[in-house]
Trainee: 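Below you'll find the structure I mean.
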Number of protein chains: 2
Amino acid sequence: MTKAHGFHQHDHAACISDALTKAEAYCAARKLQFTPVRRRTLEVLLAHHRSMGAYEVLSHLDASGFGAQPPVAYRALDFLVKHGFAHKVEAMNAYVACSHPGAQHVPAFLICRQCSTVQEAQIEPMQNGLGDAAQDAGFAIERAVVEAQGLCPLCQQSAPE
Amino acid sequence: MTKAHGFHQHDHAACISDALTKAEAYCAARKLQFTPVRRRTLEVLLAHHRSMGAYEVLSHLDASGFGAQPPVAYRALDFLVKHGFAHKVEAMNAYVACSHPGAQHVPAFLICRQCSTVQEAQIEPMQNGLGDAAQDAGFAIERAVVEAQGLCPLCQQSAPE
DNA sequence: ATTTATATGTAATGATATAACATATCAAGC
DNA sequence: GCTTGATATGTTATATCATTACATATAAAT
Ligand SMILES: [Zn+2]
Ligand SMILES: [Zn+2]
Ligand SMILES: [Zn+2]
Ligand SMILES: [Zn+2]
């Protein structure tokens with residue numbers, strides 16, 4: 001069975017189990033606790049394969065028997081983001097599973113304003129112009145947010161304007 | 001009198017009146033209404049010369065005799081952002097006056113996590129790696145968000161870690 | 001087994017943002 | 001000038017996003 005991944009189709013079941021396996025291995029290697037609620041949170045993000053608000057994630061966690069209060073979701077999401085299994089899409093105040101788990105990368109997103117699909121793009125770190133600007137200013141970059149908003153291929157056909 | 005502009009010093013009074021004059025001219029040319037509350041909002045952003053939350057802006061508008069309810073600030077800020085006089089810093093849910101008013105540009109920010117100072121950097125549009133990724137995906141970019149978080153020159157000296 | 005650190009559950013609250021609707025002002029056309 | 005439609009503002013209420021604080025539970029270290 002295939003499902004949209006960003007703007008493409010792909011084998012969704014394999015994609016989910018791959019990402020979970022990688023996260024498991026990563027945590028085991030670093031003695032991080034990949035607890036049930038953290039695992040379930042990643043499963044939820046992977047299954048939906050689009051950006052989700054914290055409260056939407058929370059409702060799934062609640063339905064799965066975990067706590068129903070906001071910190072349950074925010075703590076699990078913070079863990080996933082901190083260790084690179086998920087990213088926060090700042091322009092949407094939403095979260096999305098990482099498409100390139102394991103790889104050291106600067107996440108960049110193409111966000112459709114019509115259907116809210118988010119595709120994670122590969123960009124060259126330090127080749128986004130920011131590196132030069134930072135160097136000139138003596139600024140030490142720790143994290144970069146690169147997000148483009150616009151229309152995905154599908155919505156360009158259906159959107160009038 | 002000089003004041004920090006991003007991480008540099010500059011003639012702040014001239015900077016404010018320049019930006020206001022440019023905004024006035026821009027609006028006059030396009031028959032946009034540069035109303036008192038919109039003008040005051042830009043003045044507030046320019047005077048502080050750092051990113052400000054909508055409610056912080058609102059408290060100044062209230063003190064200046066305008067409405068005290070959130071839509072007053074959000075509507076004025078939306079106007080300024082729409083026409084390029086200000087930008088929203090997505091990673092902080094905050095707003096900042098544009099440093100290059102008039103110039104067509106992709107705003108990029110260097111955000112200090114310690115002192116919250118925001119410097120707007122000049123980057124080349126479409127040279128941030130996103131352009132290529134978007135083209136490959138058939139994605140039509142309408143707006144880009146480029147934000148770097150880290151430590152400014154001053155805070156690198158004082159911050160232990 | 002005891003201690004210490006980490007993780008989870010829950011209640012309360014804070015911070016950010018918008019919907020809805022009434023009133024006021026502006027811009028044209030008559 | 002008056003009418004009309006569009007734009008802008010004021011205000012109430014509510015929606016959405018996020019954190020603090022503290023109690024309890026589990027895991028790791030000694
Ligand atoms: Zn990623
Ligand atoms: Zn779309
Ligand atoms: Zn700008
Ligand atoms: Zn600083």
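Here the structure is a predicted model, which is why all the values come from computation and not from measurement. In what follows, every heavy atom counts, from backbone to side chain, and hydrogens, waters and symmetry copies are set aside. Below, chains carry the letters A, B, ... as their sequence lines are ordered, and counting in each starts from 1.
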Trainee: Identify the heavy atoms of B/Phe79 and B/Cys27 that sit nearest to each other, and give their distance.
Mentor: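 Looking at all heavy atoms of both residues, the closest pair is CZ-SG, 4.1 Å.
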Trainee: Kindly assign one of parallel, tilted or perpendicular to the pair B/His105 and B/His100, based on the angle between their ring planes and the thresholds 30° and 60°.
Mentor: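 Correct class here is perpendicular.
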Trainee: Between B/His87 and B/Ala97, is there a donor-acceptor pair closer than 3.5 Å when you use the side chain of the first and the backbone of the second?
Mentor: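 Answer holds: no.
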Trainee: Nucleotide by nucleotide, 5' to 3', does protein get under 4.0 Å of the base (B), only the sugar-phosphate (S), or neither (-) in nucleotides 5-23 of chain C, counting heavy atoms?
Mentor: -SSBBBB----BBBB----
Trainee: Please identify each residue that fulfils side-chain hydrogen bond (donor to acceptor under 3.5 Å, both in side chains) with A/His83, with sequence neighbours left out.
Mentor: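 A/His83 satisfies side-chain hydrogen bond (donor to acceptor under 3.5 Å, both in side chains) with no residue once adjacent residues are dropped.
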Trainee: Can we say A/Glu56 and A/Arg50 salt-bridge, meaning some charged N sits less than 4.0 Å from an Asp/Glu carboxylate O?
Mentor: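 A/Arg50 and A/Glu56: salt-bridged.
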Trainee: Take atom CD of B/Glu24 as the centre, draw a 6.0 Å sphere, and report whether it contains more than 12 heavy atoms from other residues, nucleotides or ligands.
Mentor: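 Yes, enclosed.
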Trainee: Which nucleotide of DNA chain D is the first, and which the last, in the 5' to 3' direction, to come under 4.0 Å of a heavy atom belonging to chain B?
Mentor: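 Footprint of chain B along DNA chain D, 5' to 3': D/dT7 to D/dT12.
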Trainee: Do the ring centers of A/Phe34 and A/Tyr26 come within less than 6.0 Å of each other?
Mentor: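 Not close enough - the centres of the two rings lie 6.0 Å or further apart.
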